[in-house]
Amino acid sequence: MNSFPKLFILGSLLLSSLLSAAQSTKIIYKKRGGTSYTVVITLTDNTGNTAINPLDFKKLSDLYFTITPDPAARRQYFKENDITDFFSGISIEQDNHNVGQSSTPGHLTDNSGKIASVIISFPKADIKLYEPFVLVDKVDTTSRIVINERFYPSFEKNKAIFEEARFFFEKKDYIKAFNTLYQIEKEAQANPEIKSYSFYKKAAYDLPKLIINNYSDSLYKQFLKQHELFQKKKEKPTLDSCHAILQNFQQGLAVFQPYLQITEDGIPQLKAETFATNKKMATQYNADKLLLKQTILALLETGNYSNYKFFLFVDVLNRMLCTIDSLKILNGIPLLDINILNRYPEKTNEMVSTGWFNEFRNLTDLLNDNIKNQDFIFDKDVLSHLKLIDSLEREPYFEIFSAFNSLDGNFQNFYTHMNRAIVKCTDSLLLSNLDLWMVSYRITYEQPNKRFISEINKGIKQIRDNQWPAAENTFNIIKRQTNTLAVPWFYSAVVKFHEKEFFAANAQFNKSLALYPHYLAPRMFLFKNLLSEKRYADLLVSADSAISSFNIWYFHYIKAFSLLKLHRGQDCINELLTQCIPMNSWNLSEYFLMGDAYLTINDFGKAKEAYLKTREIDPYANSKYFNDKMQNLFMQQEHHKMKPKAP
């Protein structure tokens, strides 16, 4: 960079410049016999001031020269006819174009009143100040005159831009340096003056080349450093650093693109080298990304539900994906939102305490990349593995993942997989979420009234916020506008139930089920209220009614529970063995319920076997609950032994 100031010294030496104390040249204005009469012509202002500065020069509309006698001349003054006969005829020639004087010459006198100097002027607008020109008269032509670049109209502005670009370059702010510098080149396309500057080559070719070289080299070194760190410890934050560097590099390429299109001065070679560096970085990043993906997904591609980490990750991913607060118009696969984990503090605490949380976060980031860039959550390898072990899953993970994977356009597959998931789902919260997704599916792809979704969601929020009158008004309006949607009838029933208008509520629950027999929300709401009121006979009737419309695990479990509460232990056992367990054999509640049912018929061995099954399924589950069940079993067994036998 120390070579840059030499640019201006060299330029000034090469110019035939008028930038001296007296910016002068000579011309012969007449000849008599063998004698030539010469005068000195000096660049001045309109007053004959020779010490003109660039700022004052630019304010003048004319180019002024002052004519004075040659110092070697015998006569150091002019006559009137010198002006009219000789000096008024002097003109400027430039590019085969003649520019005449803009006004009659003026003159200055000495103390004795004689004409000491003559001032001639030329219109600046007709002269290219940045190109050489000559002064001519009837007998002579001056040597080429080059106005110093500091007098050009745009010089100071562009010189300041060039210096600013150099400053940014020294600070290694290469993008800002290039963008600043490129202002000069853009102006040069419309203003030929720019290309005459002594620093133009530096601005247009040399410095941009240095900027791009240094930018490329510095980022590539940073990239290699992060790549080495990634190789040592394959973590996503390090890979993200590589990606950020690659993105910066590519953003720089976009900025440099106009310059890299130049086909001279070694720039094509620079372009080839820069693009080669970009390709190397992109290739390495993609290889590292694939390696990280394989490392992270290895658990999902090869794990088993007996591996608690595998189970926990699959279960939490499933819940993140399914959690939904309101109806949606389905439009592609939803991204996994890590903030949803706030709703599952127990699961989150498990991942934090085991040191798996960062790994899980990396997994969600990777899966979101899949969703955004490839329109799937899991590739076929992961899904094939989940399918292979789906008989061991506690919840319908494979079916749920397959359903959401289908939201890239295969909506029938979404419906099919979601229905299968609902059949074997045992978690009431998860089941409610699946139900809301299915309602969203129906409105998106089966109902014409999508425009009511925002109003329905407004009403749902009003219920959650206990704004009951507002919610009633919202759903009453929607019901009048469209009576074919099941959802507003259900939520209207919820409002009526809150207002203790139970008969009206029941009628509207029935209306929602008539419109959508597989609608789970109305039935689950009724189950909850019958349970809270311990109306087990009505609960059994409600469960049978639900089963007749939708044969799923959850309804059979409610039926089995009702049977036990109605002291029909053997019927409860039969329901569990013939219905619930064949649909999903990995639910803890069904085995605890079975153990309780066996106790009612004094089959203590079977009861113990049922309770122990829960430990086999999930040895990490609540041990106190299991311990209380076993303690009660032994107490009842001992009590039974002590009872007197009938004669």
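Excluded from the calculations below are hydrogen atoms, water molecules and symmetry mates; all remaining heavy atoms, backbone and side chain alike, are included.
For the ring-ring contact (aromatic ring centres under 6.0 Å, His included) with Y491, the lone residue among F475, W468, F497 that qualifies is F475. Between R394 and the options N584, N587, D315, D618, a side chain to side chain donor-acceptor pair (under 3.5 Å) holds for only D618.
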Verify side chain to side chain contact (heavy atoms under 4.5 Å, CB included) between F376 and F404, making sure each step is shown before the conclusion.
CA-CA 8 Å; F376 62 71; F404 281 101; over 6 Å; no
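Contact detail for F223 and Y285: the closest heavy-atom pair is CZ-N, 3.9 Å. Here the closest heavy-atom approach between residue L577 and residue P582 is recorded as O-CD, 3.3 Å. Residues L515 and N483 share a closest heavy-atom pair of CD1-O, 3.6 Å.
Between the side chains of R420 and S402, no donor-acceptor pair of N or O atoms lies under 3.5 Å. Side chains of E590 and W553: a donor-acceptor N/O pair is present below 3.5 angstrom, by distance only. Judged purely by distance below 3.5 Å, without hydrogens or angles, the side chains of T474 and Q462 pair a donor atom with an acceptor atom. If you check the side chains of Y415 and S406, you find no donor sitting under 3.5 Å from an acceptor. Between Q226 and T238, the side chains place no donor N or O within less than 3.5 Å of an acceptor N or O (distance only, hydrogens not considered). N529 and E533 share no side-chain donor-acceptor pair at under 3.5 Å. For the residue pair Q412/Y445, the side-chain donor-acceptor check at 3.5 Å is not satisfied.
Under the 30°/60° scheme for interplanar angles, the aromatic rings of H518 and F550 are found to lie parallel. Below 30°, between 30° and 60°, or above 60°: for F398 and H417 the angle between ring planes is above 60°, a perpendicular geometry. The aromatic rings of F414 and Y441 sit tilted, their planes meeting at an angle between 30° and 60°.
Residue K461 places its NZ atom among 12 or fewer non-hydrogen atoms of other residues, nucleotides or ligands, all under 6.0 Å distant.
Residue pairs meeting the salt bridge (charged side-chain N to carboxylate O under 4.0 Å, His left out) criterion with at least one partner in residues 365-377, sequence neighbours excluded, are K236-D365.
In this structure, E395 does not pair ionically with K424, as no charged nitrogen and carboxylate oxygen lie closer than 4.0 Å. Using a 4.0 Å cut-off between charged side-chain N and carboxylate O, R535 and D538 make a salt bridge. With salt bridges taken as basic N to acidic carboxylate O contacts below 4.0 Å, one links K641 and E638. Ion pair K234/D288 not flagged as a salt bridge, since none of the NZ, NE, NH1 or NH2 atoms sits closer than 4.0 Å to an Asp/Glu carboxylate oxygen. Ionic pairing of K347 and E350 is not present here: no N-O contact between side-chain nitrogen and carboxylate oxygen is shorter than 4.0 angstrom.
No donor-acceptor distance shorter than 3.5 angstrom exists from the side chain of D571 to the backbone of L563, with no hydrogens or angles considered. Side chain of S440 to main chain of K328: a donor-acceptor pair is present (N/O by atom type, distance under 3.5 Å, no hydrogens or angles). N632 contributes no side-chain N or O that, together with a main-chain N or O of D628, makes up a donor-acceptor pair within less than 3.5 Å.
For F357 and F360, the ring centers sit 6.0 Å or farther from each other. Checked against the 6.0 Å centroid criterion, the rings of F626 and Y611 do not qualify as a close aromatic pair.
Cation-pi geometry between R442 and Y516 is met: under 6.0 angstrom from the ring centre, within 45 degrees of the axis.
In this structure, the separation between OG1 on T614 and CE on M594 is 12.0 Å, given to the nearest 0.5 Å.
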